Amino acid sequence: MEFIGDASGVLSLLKTLHQTLGEDLPRIKALLDKDDMHGANRLLHQLKGFTPVFCVDSLVELVVSVEHLSKHGESSEVTAAYNQLAPQLEQLRNEVATHLAEHPEV
């Protein structure tokens with residue numbers, strides 16, 4: 001709240017996060033399936049920007065790690081790391097959806 005301002009601002013950002021996760025998670029998977037590390041890195045980099053605001057430190061560290069690996073790692077390593085990360089991001093998306101359903105003010 002300190003950085004965002006008020007509850008309305010938080011809900012607005014949560015809507016953006018929910019939409020971003022819903023769109024980007026399948027895109028990242030598709031890019032990795034095509035071995036497009038540059039494209040996957042671009043989307044992972046964007047997710048890295050959201051995580052410190054909304055996620056626990058362990059998830060932030062995992063996103064940072066996978067994003068970094070996508071710059072320098074082999075595609076098989078990146079895909080394996082993302083496959084561990086993706087379920088946690090999907091869980092986050094579900095938690096955000098639940099919160100938004102309970103607080104439809106914005």
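Index from 1, following the sequence. As the structure is a computational prediction, the values presented were derived from the model and not from experiment.
Annotation: side chain to side chain donor-acceptor pair (under 3.5 Å) contacts of Asp33 (sequence neighbours excluded): Lys29. In this structure, Gln84 has no side chain to side chain contact (heavy atoms under 4.5 Å, CB included) partners at least two apart in sequence or on a different chain. Gln88 pairs by the side chain to side chain donor-acceptor pair (under 3.5 Å) definition with nothing, not counting sequence neighbours. By the side chain to side chain donor-acceptor pair (under 3.5 Å) test, Asp35 pairs with Ser75, sequence neighbours left out. With sequence neighbours excluded, no residue forms a salt bridge (charged side-chain N to carboxylate O under 4.0 Å, His left out) with Glu95. Scanning for side chain to side chain contact (heavy atoms under 4.5 Å, CB included) contacts around Ser65 gives an empty result, with sequence neighbours left out. Partners of Gln19 under the side chain to side chain donor-acceptor pair (under 3.5 Å) rule, at least two apart in sequence or in another chain, are Glu23.
The hydrophobic cluster containing Leu11 also contains Leu21, counting ILVMFWY residues as joined when their side-chain heavy atoms lie under 4.5 angstrom apart, directly or transitively.
Sorted by first and then second residue, the salt bridge (Lys or Arg N to Asp or Glu O under 4.0 Å) pairs with a member in residues 57-66 form an empty list; sequence neighbours excluded. Under the ring pair (Phe, Tyr, Trp, His ring centres under 6.0 Å) criterion, the residue pairs touching residues 70-90 are His68-His72, with sequence neighbours excluded. Sorted pairs that involve residues 79-88 and meet salt bridge (Lys or Arg N to Asp or Glu O under 4.0 Å), not counting sequence neighbours, are lacking altogether.
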- Task: Begin from the C-alpha positions of Leu14 and His103 and carry the test side chain to side chain contact (heavy atoms under 4.5 Å, CB included) through to its verdict.
- Result: CA-CA 11 Å; Leu14 283 174; His103 302 90; over 6 Å; no
- Test side chain to side chain contact (heavy atoms under 4.5 Å, CB included) on Thr16 and Thr20 and set out the steps. CA-CA 6 Å; Thr16 301; Thr20 298; 4.0 Å; yes
- Item | Steps toward side chain to side chain contact (heavy atoms under 4.5 Å, CB included) verdict (Cys55, Val63) | CA-CA 10 Å; Cys55 300; Val63 170; over 6 Å; no
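Note that the CG atom of Leu85 and the CG atom of Leu62 stand 4.5 Å from one another [nearest 0.5 Å]. Taken from CG in Asp24 to CG in Leu89, the straight-line distance is 10.0 Å, to the nearest 0.5 Å.
Between Asn83 and Leu32, the closest side-chain pair of non-hydrogen atoms is not below 4.5 Å.
Atom NZ of Lys71 sits in a crowded spot, with more than 12 heavy atoms from other residues, nucleotides or ligands closer than 6.0 Å. Residue Glu90 places its CD atom among more than 12 non-hydrogen atoms of other residues, nucleotides or ligands, all under 6.0 Å distant.
Here the rule is side-chain contact (heavy atoms from CB on, under 4.5 Å) with Met37, and of Leu69, Val78, Leu31 only Val78 fits it.
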Determine all donor-acceptor pairs shorter than 3.5 Å in which one atom belongs to a side chain in residues 41-54; sequence neighbours excluded.
{"unit_1": "Asn41", "atom_1": "ND2", "unit_2": "Glu67", "atom_2": "O", "d": "3.1"}
{"unit_1": "Asn41", "atom_1": "ND2", "unit_2": "Glu67", "atom_2": "OE2", "d": "3.2"}
{"unit_1": "Asn41", "atom_1": "ND2", "unit_2": "Ser70", "atom_2": "OG", "d": "2.8"}
{"unit_1": "His45", "atom_1": "ND1", "unit_2": "Glu67", "atom_2": "OE2", "d": "3.3"}
{"unit_1": "Lys48", "atom_1": "NZ", "unit_2": "Glu67", "atom_2": "OE1", "d": "3.2"}
{"unit_1": "Thr51", "atom_1": "OG1", "unit_2": "Lys48", "atom_2": "O", "d": "3.1"}

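Under the 3.5 Å distance criterion, the side-chain polar atoms of Asp36 are matched with a main-chain donor or acceptor of Gly39.
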